[in-house]
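First up is the structure itself, then whatever we jot down about it.
All values below were derived from every heavy atom in this structure, side-chain atoms included, with hydrogens, water molecules and symmetry-related copies excluded.
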Amino acid sequence: QVQLVESGGGSVQAGGSLRLSCAASGYTYSSICMGWFRQAPGKEREGVAAIYIGRGSTLYADSVKGRFTISLDNAKNTLYLQMNSLKPEDTAMYYCAAVIGFCSPPSIKSYEYTYWGQGTQVTVSS
């Protein structure tokens, strides 16, 4: 059983930066995909970025390419999402997710993920 706990959300002005963290536990596999998803009020959950731990391959949604960076600190079992040049449309609840298995290239389709964190709120004001 994989446990995921997000942190790092908050309120920031447009153009600012935030770094989200996701502490992962309960797994010892290298074949695991982890991703970040977000859901704004009244909207469907959308994939933001994903990484395949086994190869370090990544995938980003077009809306965040060049602004967001997903990374993993293996020693700390922590997934990060560095978010720069934030826009008001980035406002959402952000979730960390994981799925065990081979997944290269990684996916940002939420239905393919098994384990989910509780979410952390990001609010960007104009």
Spell out, yes or no, whether [X] and [Y] are grouped together once hydrophobic residues are joined by side-chain heavy atoms under 4.5 Å, including indirect joins.
X	Y	result
Val5	Met93	no
Leu20	Val12	yes
Leu72	Ile70	yes

Residues in salt bridge (Lys or Arg N to Asp or Glu O under 4.0 Å) contact with [X], at least two apart in sequence or another chain:
X	value
Lys43	none
Glu89	none
Arg45	none

Quiz item: Which atoms form the tightest heavy-atom contact between Ala92 and Ala40, and what is the distance?
Solution: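 Smallest interatomic distance, heavy atoms only, reads CB-N, 3.8 Å.
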Self-check item: Nearest heavy-atom neighbours spanning Ala98 and Ile32
Solution: CB-CD1, 4.1 Å
Quiz item: Cluster partners of Ile108, using ILVMFWY side-chain heavy atoms under 4.5 angstrom, listed by chain and number?
Solution: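 ILVMFWY cluster around Ile108 also holds Leu59.
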Quiz prompt | Ile53/Asn74 under side chain to side chain contact (heavy atoms under 4.5 Å, CB included): CA gap, chis, key distance, verdict | solution = CA-CA 9 Å; Ile53 306 307; Asn74 279 305; 4.1 Å; yes
Quiz prompt | Gap separating the CD atom of Gln1 from the OG atom of Ser25, nearest 0.5 angstrom | solution =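 These two atoms lie 9.5 Å from each other.
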Quiz item: To the nearest 0.5 Å, how far apart are CD in Gln39 and OG in Ser110?
Solution: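 OG of Ser110 is found 8.5 Å from CD of Gln39.
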Quiz item: What residue pairs, at least two apart or across chains, pass ring-ring contact (aromatic ring centres under 6.0 Å, His included) with a residue in residues 36-66?
Solution: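 Output for this query lists Phe37-Tyr113, Phe37-Trp116, Tyr52-Phe102.
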Run the side chain to side chain donor-acceptor pair (under 3.5 Å) test against [X] and tell me which residues pass, sequence neighbours left out.
X	result
Asp73	none
Ser107	Glu112
Tyr95	none

Self-check item: Side-chain touch Ser57/Pro105, heavy atoms, less than 4.5 angstrom
Solution: no
Practice problem: Provide the full list of disulfide (SG to SG under 2.5 Å) pairs with a residue in residues 44-91, sequence neighbours left out, each pair given once. | Solution: none
Quiz item: What disulfide (SG to SG under 2.5 Å) pairs are there with at least one residue in residues 77-121, not counting sequence neighbours?
Solution: Cys22-Cys96, Cys33-Cys103
Quiz prompt | Qualifying residues under side-chain contact (heavy atoms from CB on, under 4.5 Å), relative to Ser125, sequence neighbours excluded | solution =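 Ser125 satisfies side-chain contact (heavy atoms from CB on, under 4.5 Å) with Gln13 once adjacent residues are dropped.
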Quiz prompt | Step-by-step side chain to side chain contact (heavy atoms under 4.5 Å, CB included) determination, Val2 to Met34 | solution = CA-CA 11 Å; Val2 179; Met34 299 186 74; 6.0 Å; no
Just list the side-chain donor-acceptor pairs under 3.5 Å for residues 75-87, sequence neighbours left out, or say none.
| residue | atom | partner | partner atom | Å |
| --- | --- | --- | --- | --- |
| Thr78 | OG1 | Lys76 | O | 2.9 |
| Gln82 | NE2 | Asn84 | OD1 | 2.9 |
| Asn84 | OD1 | Ser17 | OG | 2.9 |

